[in-house]
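Heads up: the structure comes next, in structure tokens.
Scope of the values below: all heavy atoms of this structure, side chains included, with no hydrogens, waters or symmetry mates. Below, chains carry the letters A, B, ... as their sequence lines are ordered, and counting in each starts from 1.
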Amino acid sequence: MNNKKKDFLRTIVENDLKSNKYKEIVTRFPPEPNGFPHIGHAKSISINFGIARDYNGHCNLRMDDTNPTKEDTKYVEALEDAVKWLGFDWGENLYYTSDYFSQIYAYAIELIKMGKAYVDSLTEEEIREYRGTVTEAGKRSKYANRSVEENLDLFERMKNGEFQDGEHVLRAKIDMSAANMKMRDPLLYRIRHAHHFRAGDAWSVYPMYDFAHCLSDYIEGITHSLCTLEFENNRDIYNWVLDTLELKPPRPYQYEFARLNINYTVMSKRKLLELVDSKHVSGWDDPRLPTIAGYRRRGYTPESILTFCDQIGIAKANSVVDVAQLEFCIRDDLNAKVPRVMCVLDPLRVTIENYEGSEEIEAPYYPHDVPKEGSRKIPFSKELYIERADFEENPLKGYFRLTPKQPVRLRHGYIITCKEVIKDADGNITEIKAEYYPDSKSGTQDTSGIKVKSAIQWVSATDAKKVEVRLYDRLFKNDAPEGIQDLNLDSLHVINNAFVEPAVITQKLDERFQFERLGYFYADPIDYSDEKPVFNRIVGLKDSWNKKTKEKKVTPKPEAKKVQVDGEVTPMREEEKAFFNTYTQELQLNNEVANTLARDKKLSQFFKETLSEYNSPVNIANIVTNEVARELKQKEPSELKFKPKEIAELVKMIDDATISIKIAKDVFEEMNKTGQEPAEIVKNKGLVQISDPAVILPIIEEVIAKNPDNVEKFKAGNKKLLGFFVGQVLKATGGKANPKIVNKLVAEKLNGN
RNA sequence: UGGGGUAUCGCCAAGCGGUAAGGCACCAGUUUUUGGUACUGGCACUCGGGGGUUCGAAUCCCUCUACCCCAUCCA
């Protein structure tokens, strides 16, 4: 990773590498093989394999197969395929959690011996009941005090299959009243008399995710265990298990990122399965599905999906990405790669009355702006098909195509003009009689002198090949669909009698094409045959004309900004009120500061002690409520490296103008980190404030001289640039210049000159 | 309701006390034998709301609000 913008995960990895926490970074992509991978998996794959690649580490592919009742080999194959298709290579590093069952079992025994795990014999319902609720503590099972020997015995017999499913479980002994529900004695093992697709019938007990995952990571030497946000609460168990077992370092740490959501589709396994089972789609590889198999069959390239994953970034905010972003990626990819050919979806017959015979037109596969070579011959004859939408008897203003009055160019061919419109009894147009201009042929010196507004695609009726074309629209009509009720019933259009130019079929140049003016298409890998060619539309081209004609109905939504209601603030207790009054009245603190202080015991205590060292209530209160408060949020007063006395000294230096408040904050940071005396820090770093204009002025002049464009902008009215100049001067003096004076001088200089 | 998270443009997303990056979308314009592409320009005086600290706050403090996750013997 060089100059590219880093996401928070890469920042963590870089720091860990820099601090030598790990020699090599190891990640893993750990799906449970119980369903088909979708684009959300692609994001995870891209993150895990991508980070490993970027930092010269490696990424394991691990099947997290701890639940024998749900998993199957066909899913592991699909998962392997997906990773490979996306272009990643796990090398030798394909693992299964089931490979570690013996080791994990041994760790469980160890926990039991430490008295940190016990066999619980409560029923499932009882366990749930005993767990308590989010607001009430749970209570511990009476089985929790079984002796180590008894636990060992029971657990072994569980493993040996002596008990029925559900009779016993192994639980960690943590804390039944933990605020984090996941820590209320989590289950480590359950009895499952089931056939495991890999481990067979060797085991009667299977480890739970929370026990197996951290240990599998550890066993594989994973350094960064990256998962999605919903596992945030599980992180405590992850750490508890690894810490309690006192494993030899280095150990892995878990970090969470937001999972991918895309609008107009669903991503959950359950909802996807529902679509497949209800036959609303043709299968897991239906091109409308966000599954890897679906995208693949639709014609998406792995590159485009990877680019997409790259573009959307990695963050912790739950978000929904617009499909348009994905569509952009595939268009952008294919634009540079794919040959252009002509196809007519909805044919309208055109007879060129002044043309006889036939010819072949040589036409390049790529437009002038795609640096690729190649061409094909297109047959031309008297009888052609054009797109029905490319002729309009009563055109809207701005229509560029063929009309009774407006000629048009046949792409790569001649200019034609409409002579007569033939209609059937119902008034539907069935044919256009046209004439062509022989001297307007494309690629030659066009001497016709006719100007056209556009070129349209066409095929020769006698030579064109009939093909099936499948046009896909979004599967759901709702941008945040809940389920089947939100389906777009019109998401698939099958066109049975589209026509393509012969080269598409005979030259087999590629499996992806741009059908000019229509979009990008892919020869369906399953249904395509020479007798019946089938093309899937991967994505349409951007179409500003179509948009313009449709837009009329779209009403802009006003959607006023939501008004925020302010909630009730819990009233102060009597004691707090007394403090508040003292602070505001006797010490002259402002209400906000007094309020903060009065409500926080630790803070007010610290404040009181500091005040007893040095009497400067306002400045002390400011430092305490703003800076000390930050530290006291995570630490106890006793853990702080500084004491009230040092804070008092710090404030003293502010009061006598030795240092500015800005410097004071830096000094505070240093005190907090090292525990040094403030005076010492100021002395060692030479932080004494510079207030002498004679020293500051030259620096200001230098900064002004270096930024002429910003000076211009400032003079043009961009007054907030003042802050920029002040910042630059401060930077040049290492923060030591007195900011008030700098401000004044800069303003004078800028306005004066 | 306890705990853990998250809020920056229509959608993603940088930013970590000193000029609000970038992409998508959108809107103009130029080029164009694809109403495509490419190119140029426009798109956040403001960062969920309100206060405070500071010469200076999206960034630090307080407070409120909204949304997500946790009470599967799933992962």
Could you write out each protein N or O paired with an N or O of nucleotides 38-47 of chain B at a distance under 3.5 Å?
unit_1 : atom_1 : unit_2   : atom_2 : d
B:U46  : O4     : A:Lys720 : NZ     : 2.5

* Closest nucleotide among B:U34, B:U53, B:G48 to the A:Glu516 side chain -> B:U34
* To do: State which residue, out of A:Glu256, A:Arg28, A:Arg235, fulfils the side chain to side chain donor-acceptor pair (under 3.5 Å) condition with A:Ser225.
  => A:Arg28
* Which is true for A:Asp566 with a 4.0 Å heavy-atom rule: it touches a base, it touches only sugar-phosphate, or it touches nothing? -> base
* **Minimum-distance nucleotide to A:Ser544 side chain [options: B:G2, B:G3, B:G36]** => B:G36
* Closest listed nucleotide, where the reference is the side chain of A:Leu730 and the choices are B:C55, B:A25, B:C61 -> B:C55
* Between B:U34, B:U1, B:C55, which nucleotide gets closest to the side-chain atoms of A:Val134? -> B:U1
* A:Leu187 side chain: which of B:A25, B:C73, B:A13 is closest? -> B:C73
* Asked: A:Asn710 near the nucleic acid: base, sugar-phosphate alone, or nothing, with a heavy-atom cut-off under 4.0 Å?
  -> base
* Asked: Which is true for A:Gly443 with a 4.0 Å heavy-atom rule: it touches a base, it touches only sugar-phosphate, or it touches nothing?
  -> base
* Asked: Has A:Thr596 got a side-chain N or O lying under 4.0 Å from the OP1 or OP2 atom of B:U63?
  -> no
* Asked: Is A:Leu122 touching bases, backbone alone, or none of the nucleic acid, heavy atoms closer than 4.0 Å?
  -> base
* Asked: Between the base of B:U33 and the side chain of A:Ser442, is there a donor-acceptor distance below 3.5 Å?
  -> yes
* Under 4.0 Å between any heavy atoms, over every strand shown, what does A:Lys453 touch: base, sugar-phosphate, or nothing? Just pick one. => nothing
* Structure fact -> Considering only heavy side-chain atoms of A:Asn67, the closest of B:C74, B:U34, B:C61 is B:C74
* Asked: Using a cut-off of 4.0 Å on non-hydrogen atoms, how would the nucleic acid contact of A:Tyr399 be classed: base, sugar-phosphate, or nothing?
  -> base
* To do: Indicate, with a heavy-atom threshold strictly under 4.0 Å, whether A:Lys713 touches base, sugar-phosphate, or nothing.
  => base
* To do: Name every residue in residues 203-210 of chain A that has at least one heavy atom under 4.0 Å from any atom of RNA chain B, in order of residue number, or write none if there are no such residues.
  => A:Met208, A:Tyr209
